[in-house]
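Notes to accompany the following structure.
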Amino acid sequence: MVVAHIFVWMVLVLLSSRIPVSDGTATDIECLKSIRESLVDPNNYLNTTWDFNNKSEGFLCKFMGVECWHPDENRVLNIRLTDLGLKGQFPVGIQKCTSLTGLDLSHNKLSGSIPENISKILPYVVTFDLSFNNFSGGIPRDLANCSFLNDLKLDNNRLTGNIPLEFGLLDRIKTFTVTNNLLSGPIPTFTHGDIPAESFANNLDLCGKQLKPCPGVQRKSRVGVIAAAAAGGITFTSIIVGIFLYYMSRGVAKRKADDPEGNRWAKSIRGTKDIKASYLTHFVIGYNVFWLA
Ligand SMILES: *[C@@H]1O[C@H](CO)[C@@H](O)[C@H](O)[C@H]1NC(C)=O
Ligand SMILES: *[C@@H]1O[C@H](CO)[C@@H](O)[C@H](O)[C@H]1NC(C)=O
Ligand SMILES: *[C@@H]1O[C@H](CO)[C@@H](O)[C@H](O)[C@H]1NC(C)=O
Ligand SMILES: *[C@@H]1O[C@H](CO)[C@@H](O)[C@H](O)[C@H]1NC(C)=O
Ligand SMILES: *[C@@H]1O[C@H](CO)[C@@H](O)[C@H](O)[C@H]1NC(C)=O
């Protein structure tokens, strides 16, 4: 009896470790409910086709635009809601679809910004398409933390600012498009994929390898600073050497002409004072030359 009880208890413990899976599907139902609530759906597509009253297992998987891992399990793999005239902001409730790998909201009228914590919302996203909407603001740096990304389409929106250079490190990226936005600055260097120039076309002022060369702000200024430092250093050194030689020679000439018992101390003190004063003057000049350069 005791052995049998222990056995049953162990089976229960093992089963309970599987509970998060069924919790997962419960949150997936919440996920789709929150998407339907948060998006403005003028044509009532979601409103009429997403029926949450029929609770049979896998009922979500028959919803328009919803694909599950298994047709009889409410665990959402992909959501594809394209060209439905949807309005509103990015549906952050989608973070409750914890097993989501694909999201396509392209060809709608969505607006607002892409959430800053997008990699927390879509940690496993492989294909992500927000193209042909009305998204504005910057491309969040955190999107580069979605390390499974294969396809990222952000083209035809109103995105501004720079493209985070971290995207270059995404090692699975195959498609990356930001055509027709308002982006500027250098584009990432993709180390694992070949992204054509067309993917960046028609923005405000992008530059980089595939496009026009960047103004080279960073490299030029660095070269400039080094050159200025070198020039400043040389000027400074030559001034000091010059002063030193000048006083040396003057000292030698004066010593020759000096009266033997003349107040040498006073003179030598005045000499060092002069050296110090001109040292300072030339130091300041040298520094100004350095900073102006
Ligand atoms: C769909 O939307 C219409 C109007 O907005 C509303 O009257 C109707 O109750 C909604 N249907 C569902 C199933 O939510
Ligand atoms: C619930 O959905 C299943 C699968 O789509 C369908 O076979 C069944 O008839 C539906 N039940 C009701 C009450 O709508
Ligand atoms: C992401 O940020 C939004 C607010 O911008 C917040 O509501 C949401 O809970 C955050 N999600 C995660 C997974 O951190
Ligand atoms: C995009 O949003 C701007 C304001 O944010 C609005 O003026 C414009 O009409 C929108 N465009 C579309 C196609 O919805
Ligand atoms: C990516 O995530 C790590 C750890 O959560 C964080 O330290 C880092 O700042 C994130 N990178 C970006 C580009 O957001």
Side-chain angles (χ1 to χ4, degrees), residues 19-154 156-159:
I19 283 177
V21 173
S22 55
D23 270 6
T25 74
T27 68
D28 281 36
I29 297 171
E30 288 306 307
C31 166
L32 296 190
K33 276 186 179 166
S34 93
I35 292 173
R36 194 183 70 168
E37 276 158 26
S38 69
L39 293 179
V40 181
D41 176 19
N43 304 316
N44 281 329
Y45 283 115
L46 304 183
N47 168 316
T48 51
T49 61
W50 286 17
D51 176 8
F52 291 94
N53 295 321
N54 184 344
K55 294 239 169 27
S56 58
E57 188 50 45
F59 75 102
L60 291 184
C61 312
K62 296 180 187 70
F63 282 8
M64 180 192 61
V66 175
E67 192 188 339
C68 294
W69 286 81
H70 303 291
D72 52 359
E73 187 189 1
N74 289 332
R75 199 148 63 96
V76 179
L77 173 70
N78 290 313
I79 296 178
R80 191 180 146 80
L81 300 173
T82 150
D83 204 7
L84 300 175
L86 300 173
K87 292 181 184 165
Q89 307 244 319
F90 184 91
V92 289
I94 214 159
Q95 69 191 46
K96 290 182 185 149
C97 287
T98 50
S99 313
L100 194 71
T101 65
L103 178 61
D104 183 353
L105 297 173
S106 64
H107 295 270
N108 285 297
K109 290 177 178 147
L110 301 173
S111 55
S113 55
I114 305 171
E116 292 295 330
N117 55 359
I118 189 72
S119 80
K120 302 273 184 344
I121 296 174
L122 301 170
Y124 307 114
V125 73
V126 176
T127 63
F128 190 24
D129 190 347
L130 297 180
S131 63
F132 292 92
N133 276 288
N134 203 6
F135 284 108
S136 56
I139 300 177
R141 193 168 295 277
D142 184 43
L143 190 48
N145 266 350
C146 296
S147 49
F148 299 106
L149 269 175
N150 278 349
D151 301 318
L152 177 60
K153 295 185 183 172
L154 302 175
N156 292 282
N157 281 289
R158 298 188 301 126
L159 298 168

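Predicted, not measured: the structure shown is a model, and the values here were computed from it. Numbers for residues simply follow the sequence, beginning at 1.
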Distance check, rounded to the nearest 0.5 Å: Leu103 atom CG versus Leu81 atom CG? 7.5 Å
Just do the side-chain hydrogen bond (donor to acceptor under 3.5 Å, both in side chains) check on Arg36 and Asn47 with the steps written out, would you? CA-CA 7 Å; Arg36 194 183 70 168; Asn47 168 316; 5.5 Å; no
Any donor-acceptor N/O pair, Asp151 side chain to Asp129 backbone, under 3.5 Å: no
Look up atom OG in Ser38 and atom NZ in Lys33, then write down how far apart they are to the nearest 0.5 Å. 14.5 Å
I want to check something: taking the side chain as every heavy atom from C-beta on, are Leu100 and Val125 in contact at a cut-off of under 4.5 Å? no
Glu73 CD to Leu60 CG distance, which is reported to the nearest 0.5 Å: 10.5 Å
Looking at every heavy atom in both Cys61 and His70, which two are closest together, and how far apart are they? SG-O, 3.8 Å
Should Ile114 and Leu159 count as side-chain neighbours, where that means a heavy-atom distance under 4.5 Å? yes
Atom CG of Leu84 and atom CG of Leu105: how far apart are they, to the nearest 0.5 Å? 9.5 Å
When the aromatic ring centroids of Phe63 and Phe52 are compared, is their separation below 6.0 Å? yes
Could you walk me through whether Leu149 and Phe128 pass the side-chain contact (heavy atoms from CB on, under 4.5 Å) check? CA-CA 8 Å; Leu149 269 175; Phe128 190 24; 3.9 Å; yes
Can you classify the ring geometry of Phe132 versus His107 as parallel (below 30°), tilted (30 to 60°) or perpendicular (above 60°)? parallel
Check the orientation of Phe135 and Phe90. Use parallel for under 30°, tilted for 30 to 60°, and perpendicular for over 60°. tilted
From Leu143 CG over to Leu130 CG, what is the distance, rounded to the nearest 0.5 angstrom? 8.5 Å
Kindly indicate whether the side chain of Tyr124, heavy atoms from C-beta on, has any atom under 4.5 Å from the side chain of Val126. no
So Ser131 and Asn156, side-chain hydrogen bond (donor to acceptor under 3.5 Å, both in side chains) or not? Walk me through it. CA-CA 6 Å; Ser131 63; Asn156 292 282; over 6 Å; no
When you measure from the side chain of Asp142 to the backbone of Ser119, do you find a donor-acceptor pair of N or O atoms at a distance under 3.5 Å? yes
Over all atoms of both residues, closest heavy-atom pair of Val76 and Trp69: O-NE1, 3.6 Å
Taking side chain as C-beta onward, heavy atoms only, is Leu110 less than 4.5 Å from Asn157? no
Stepwise, does the side-chain contact (heavy atoms from CB on, under 4.5 Å) test hold for Asp104 with Thr127? CA-CA 8 Å; Asp104 183 353; Thr127 63; over 6 Å; no
For Asp28 and Cys97, which heavy atoms make the closest approach, and how far apart are they? OD1-CA, 3.8 Å
Ile35 vs Ile79, test: side-chain contact (heavy atoms from CB on, under 4.5 Å). Steps then yes/no. CA-CA 11 Å; Ile35 292 173; Ile79 296 178; 3.8 Å; yes
Between atom CD1 of Ile118 and atom CZ of Arg141, what is the distance when rounded to the nearest 0.5 Å? 15.5 Å
Identify the heavy atoms of Lys62 and Gly58 that sit nearest to each other, and give their distance. NZ-O, 3.6 Å
Check whether any side-chain heavy atom of Ile94 sits under 4.5 Å from a side-chain heavy atom of Cys31, and report yes or no. yes
Contact check, side chains of Asn117 and Val92, non-hydrogen atoms, under 4.5 Å: no
On a heavy-atom basis, which atom in Ile121 and which in Pro115 lie closest, and how many Å separate them? CD1-CB, 3.7 Å
Could you tell me whether a side-chain N or O of Glu57 sits under 3.5 Å from a main-chain N or O of Asn74, the two making a donor and an acceptor? yes
For residues Tyr45 and Asp83, determine if any side-chain heavy atom of one lies less than 4.5 Å from a side-chain heavy atom of the other. no
Side chains of Leu39 and Asn108, heavy atoms from C-beta outward: is any pair under 4.5 Å? no
On a heavy-atom basis, which atom in Leu46 and which in Asp41 lie closest, and how many Å separate them? N-OD2, 2.8 Å
